[in-house]
2 protein chains.
Amino acid sequence: MLSDVMEDYLKGIYELQREYGAPVKTSLIAESLDVTAPTVTSMMEKLEERGLVAREKYKGVELTEEGETVAVEIIRHHRLLEAFLVDHLDYEWTEVHEEADVLEHHISEEFEQRIAERLGDPAVDPHGDPIPEATLEPPAADETRPLADFPVGDHVVVARVRDRNEDELEYLAEAGIVPGRHLVIEEKAPIGMVTVSHEEGQQNLPDGVAETIRARVAEPDDRPDTRHVTES
Amino acid sequence: MLSDVMEDYLKGIYELQREYGAPVKTSLIAESLDVTAPTVTSMMEKLEERGLVAREKYKGVELTEEGETVAVEIIRHHRLLEAFLVDHLDYEWTEVHEEADVLEHHISEEFEQRIAERLGDPAVDPHGDPIPEATLEPPAADETRPLADFPVGDHVVVARVRDRNEDELEYLAEAGIVPGRHLVIEEKAPIGMVTVSHEEGQQNLPDGVAETIRARVAEPDDRPDTRHVTES
DNA sequence: GCGATTTTTTAGATGGCTCTAATTCATAAA
DNA sequence: TTTATGAATTAGAGCCATCTAAAAAATCGC
């Protein structure tokens, strides 16, 4: 009933709403989906007609409950697929995003249930992102923060390394920046760079990248792990 | 580059061409894809422009080599997916068709290779249909014939039970009409019905159904098997 | 072999998703 | 508080896959 394109808009709006709050502005949506602003406006009119977003002209949109449910379902599909590809088809966690981004729109309820079952209803995907429950309750806002936000000296655990292009993820994986990894914030250089360290050495990260890696403060019992980078 | 719709046309034309020979008429395509004739004509113009079909106006179309390769690829996807769903996600062979029909257009090369490998490069799918090779050579025309074509008294082995709606396949599975099954043609009634038998009893099949079940003459060493219907 | 019937194509329209160009609205700066 | 700037919307267009109605071509029956 809903086109894949509409599903992509809803997913995009959901994520922008989480990150920047509502209402979500036209220009943000346009940028995130790589379309022009008029395209977004006309799509918002359609989504509004269908009751999936609430719109205030010239201000922006917010997902309705129904729109949010659709978005959460697509995200559940995406993250289950990523987990499935890694666990059952030997994909590397760095290369699952594109495949999941397509398939998320095309798998049936049945397929979703079967892979969830086969995976044992995992709580997070290979990037560390939480997988929404089958009930499609929007997951609680998370307590992680971008790596760039922690002050020098903090000990943190990487929670998520966001879906982005494969080369970047591979580089980060190679450098040991993976979900679950224990890091120390070593330095924040005024040229827009963060330096972190772990058992295997130091790593410099441009601010833009450090913004998209989310972490939480290391608990007393978080032992620096010795997880190794996957051999490829 | 190619839309899913175009892929569906190519797949449909391929199958019609196998069944009835080339050129394939507009009306046949329209019926098999459940669209109107003008829709087919306009799609054929587009496929011709792209070099995927050769067209003779008012006569019909034939796939070019390139068009055939695309069709074979989609069919390979379809059948690998069906096999994967049955072998690795516990689907019944009667319920995989719809899922595969959607996903066949959306999986990557990578995904195709990985499921093929995981399955051990099977030669046939759960319906008994041959899975084209990764080289996408069009498979040799097969030597099976519709069940309806065998004379009374013949001993045959079911080769394929074609993709069609789930209820019908479930009924046939329940009745023991599954790929690999040894059958004897018992009677061909003038009311358009064929009667076949196997170890567990007799089964009447309307001609329309007997047309879509393909079989080959039982070889001397084909022992009537005792395969059981899957318990559900 | 010619008219009647069937099939195919042409013509013209619609809805979906996108664009560029022009206009309207909101906001930040003076 | 007025204006300049930037953001959003409207206007108008194009392409895709589809439709119905009308015209043209092929085929079938005598």
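Side chains are part of it too, since the values below use all heavy atoms of this structure and drop only hydrogens, waters and symmetry mates. Because the structure is predicted, anything quoted here is derived from the model rather than measured. Chain identifiers are assigned alphabetically (A, B, ...) following the order of the sequence lines, protein sequences preceding nucleic acid strands; residue numbering begins at 1 within each chain.
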_D129(A) with R162(A): basic N within carboxylate O range, under 4.0 Å_ = yes
*Separation of dA7(D) P from E31(A) CD (nearest whole Å)*: 11 Å
*Determine, for nucleotides 12-28 of chain D in 5'-to-3' order, which nucleotides have protein heavy atoms under 4.0 Å from the base (write B), from only the sugar-phosphate (write S), or from neither (write -).*
-----BBBBB---SS--
_Side-chain N or O of R55(A) versus OP1/OP2 of dT9(D): is the shortest distance under 4.0 Å?_
yes
*Excluding sequence neighbours, so at least two apart, what forms ring-ring contact (aromatic ring centres under 6.0 Å, His included) with Y9(B)?*
none
*Got a sec? Which of residues 15-28 of chain A come in under 4.0 Å of DNA chain D, heavy atoms?*
K25(A), T26(A), S27(A)
*Whole-Å gap separating P (dA7(D)) and CD (E56(A))*: 19 Å
*M1(A) CE to dG16(C) P, straight-line distance once rounded to whole Å*: 12 Å
_Partner residues of E68(B) under the side chain to side chain donor-acceptor pair (under 3.5 Å) criterion, sequence neighbours left out_ = none
*Within the distance-only criterion (no hydrogens, no angle test), does the side chain of E99(B) pair as donor or acceptor with the backbone N or O of S108(A) below 3.5 angstrom?*
yes
*Mind checking E45(A) for me? I need base, sugar-phosphate or nothing, with any heavy atom below 4.0 Å counting as a touch.*
sugar-phosphate
*asked:* Please list all pairs meeting salt bridge (charged side-chain N to carboxylate O under 4.0 Å, His left out) that have one or both residues in residues 20-47 of chain A, counting only residues at least two apart or in different chains.
replied: E45(A)-R55(A)
*Give a yes-or-no answer on whether the side chains of H77(B) and E112(B) include a donor-acceptor pair shorter than 3.5 Å.*
yes
*asked:* Looking at R114(B) and E110(B), is any side-chain nitrogen of the basic one under 4.0 Å from a carboxylate oxygen of the acidic one?
replied: yes
*asked:* Run the ring-ring contact (aromatic ring centres under 6.0 Å, His included) test against H105(B) and tell me which residues pass, sequence neighbours left out.
replied: none
_Atom pair distance, as rounded to whole Å: CG in L47(A) and P in dT9(D)_ = 13 Å
